[in-house]
Enquirer: 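Got a structure here, written out as structure tokens. Questions coming.
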Amino acid sequence: MVIACDKSGYPAMIKYTTENSTNHEFIKIIKAPCLGSVKESDILEALEGKCDRILLVGCPIDSCFHQNGSRFAQRRVNRINHLLEEAGITKRVAISFVTAEKISEIKRTLDLISSTPVQEEHKP
Amino acid sequence: MIIGERKPIPEILAMLGDSKKVLVLGCGTCVTVCLTGGDKEAKELASLLRIKGYEADSLTVERQCELEFIHPLRESIQSVDAVISLACGIGVQALFELDSEKSIYPGLNTTFMGMPVKQGYWEERCWGCGNCIIHLFGGTCPITRCAKSLLNGPCGGSKDGKCEVKPDRDCAWQLIYDRLKNLNRLDWLLTIQPPKDWSTSRYGGHRKMTREDMLL
């Protein structure tokens with residue numbers, strides 16, 4: 001799943017999926033007004049389903065349209081990954097800062113989070 | 001307010017043992033403000049438990065430390081195998097008093113009574129010693145804020161206004177001196193404070209308070 005801000009992330013994801021037609025069949029893209037509006041609980045709720053990896057795509061950290069949205073999102077992503085790691089859950093969240101034109105970071109981050117295998121949780 | 005820190009998740013999972021159906025119970029007062037046990041944190045922990053395969057749900061009450069607030073939860077508590085309380089130790093014990101047969105586990109370590117000094121940072125301010133003398137020290141409690149709880153001046157180890165035991169914190173006696181100077185009451189420092197009577201503190205045993213006129 002990709003959660004993209006509608007200022008930079010979403011246009012960048014559209015461009016990325018257009019240019020990389022083989023990579024996006026299984027990616028669900030959700031548009032958010034700003035990554036700063038994406039709460040930890042939204043991300044964890046998404047991870048409860050079949051979604052194993054979530055990528056947040058938004059404005060560069062120092063030029064976020066809403067000033068601090070990308071910065072807050074990065075802190076939340078770090079915190080969620082820490083919580084997942086602490087709980088022994090292999091699902092992960094990543095964040096990528098892009099402009100509508102510069103999309104190479106998306107492929108790099110997608111490759112990075114896809115490289116570690118996800119283990120199925122054993123029910124108690 | 002009462003400050004608490006979430007227990008490590010592996011410790012929480014270990015406490016749950018074979019329980020399958022879990023209720024994570026948040027508290028809407030102190031631990032909500034210190035961002036460890038409110039509705040948001042309860043939902044997050046329930047979510048993590050569901051990812052781990054538990055059948056978990058979350059609820060938050062205004063105050064877990066009062067039976068009036070937790071009485072309505074009785075049915076919800078009875079319908080699960082275990083409850084993780086994200087309240088302070090008082091809330092956890094109140095839940096035990098509500099239902100002594102249920103497995104109730106503390107999800108937080110209750111750490112201290114303090115205040116948010118800045119965003120995301122809390123510091124201890126009160127030990128609950130049972131005999132408040134803050135007014136004699138310009139509003140800074142030497143019992144709590146001096147690492148050695150000294151009542152008659154600094155230890156001599158502070159440097160640049162910082163504590164020698166915890167160098168990232170202000171020396172309480174520096175603060176006391178500065179404030180009394182502002183109040184033009186430095187003469188108060190010449191009064192020798194007698195040894196503190198700790199019997200009013202927790203060392204005197206389990207404490208209680210009664211308001212006779214309010215008893216039914």
Side-chain angles (χ1 to χ4, degrees), chain A residues 1 3 28 30 32 35-56 61 64 66-95 113-114 116-124, chain B residues 4-26 28 31-32 34-60 79-84 86 103 105-109 118-121:
Chain A
M1 180 189 286
I3 303 174
K28 182 180 181 184
I30 295 171
L35 289 192
S37 66
V38 181
K39 295 178 286 186
E40 283 105 324
S41 54
D42 299 333
I43 297 171
L44 284 168
E45 202 173 306
L47 288 172
E48 283 178 37
K50 288 183 179 174
C51 177
D52 292 328
R53 303 278 189 239
I54 295 178
L55 173 64
L56 273 68
I61 206 153
C64 171
H66 295 283
Q67 295 198 346
N68 285 315
S70 293
R71 187 167 287 114
F72 291 152
Q74 187 176 41
R75 286 185 189 177
R76 288 173 191 156
V77 165
N78 291 343
R79 183 166 169 268
I80 288 172
N81 280 331
H82 180 74
L83 282 173
L84 293 169
E85 197 176 338
E86 202 187 340
I89 298 165
T90 48
K91 296 183 176 193
R92 285 292 177 268
V93 185
I95 189 163
I113 59 167
S114 307
T116 48
V118 175
Q119 289 166 4
E120 201 164 317
E121 296 298 331
H122 298 290
K123 287 196 171 185
Chain B
E5 286 181 89
R6 181 178 49 75
K7 281 181 178 286
I9 292 171
E11 191 180 332
I12 293 173
L13 295 175
M15 286 191 290
L16 286 175
D18 295 333
S19 310
K20 289 185 179 71
K21 212 171 170 189
V22 180
L23 175 66
V24 182
L25 200 52
V31 290
T32 292
C34 71
L35 309 174
T36 45
D39 190 48
K40 181 173 167 279
E41 292 77 24
K43 281 181 177 156
E44 281 173 11
L45 184 57
S47 211
L48 282 171
L49 292 175
R50 284 194 290 272
I51 298 172
K52 288 294 284 180
Y54 290 89
E55 204 180 310
D57 207 351
S58 69
L59 276 174
T60 301
S79 68
V80 295
D81 300 327
V83 178
I84 298 174
L86 293 185
S103 298
Y105 303 109
L108 298 187
N109 291 322
K118 56 185 177 184
Q119 176 74 16
Y121 178 76

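Reminder, nothing fancy here: chain letters follow the sequence lines and each chain counts from 1.
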Enquirer: Judged by atom type as modelled, is there a donor-acceptor pair below 3.5 Å linking the side chain of B:Lys43 to the main-chain atoms of A:Ser41?
Expert: no
Enquirer: From B:Ile12 CD1 over to A:Glu86 CD, what is the distance, rounded to the nearest 0.5 angstrom?
Expert: 8.0 Å
Enquirer: Between B:Ala46, B:Pro10, B:Gly17, which residue shows the highest count of heavy-atom pairs closer than 4.5 Å to chain A?
Expert: B:Pro10
Enquirer: Please classify the contact of B:Leu13 with chain A as side chain, backbone, both or neither, using a heavy-atom distance under 4.5 Å.
Expert: side chain
Enquirer: How about A:Gln67: does its CD atom have over 12 heavy atoms from other parts shown lying under 6.0 Å from it?
Expert: no
Enquirer: With no hydrogens and no angle check, just 3.5 Å: does a side-chain donor-acceptor pair link B:Ser47 and A:Glu48?
Expert: yes
Enquirer: Nearest heavy-atom pair of B:Ile51 and A:Leu44: which atoms, and what distance?
Expert: CD1-O, 3.9 Å
Enquirer: Could you give the distance from CD (B:Glu44) to CD1 (A:Ile43), rounded to the nearest 0.5 Å?
Expert: 10.0 Å
Enquirer: If you measure from CD on A:Glu40 to CD on B:Glu41, what distance do you get to the nearest 0.5 Å?
Expert: 8.5 Å
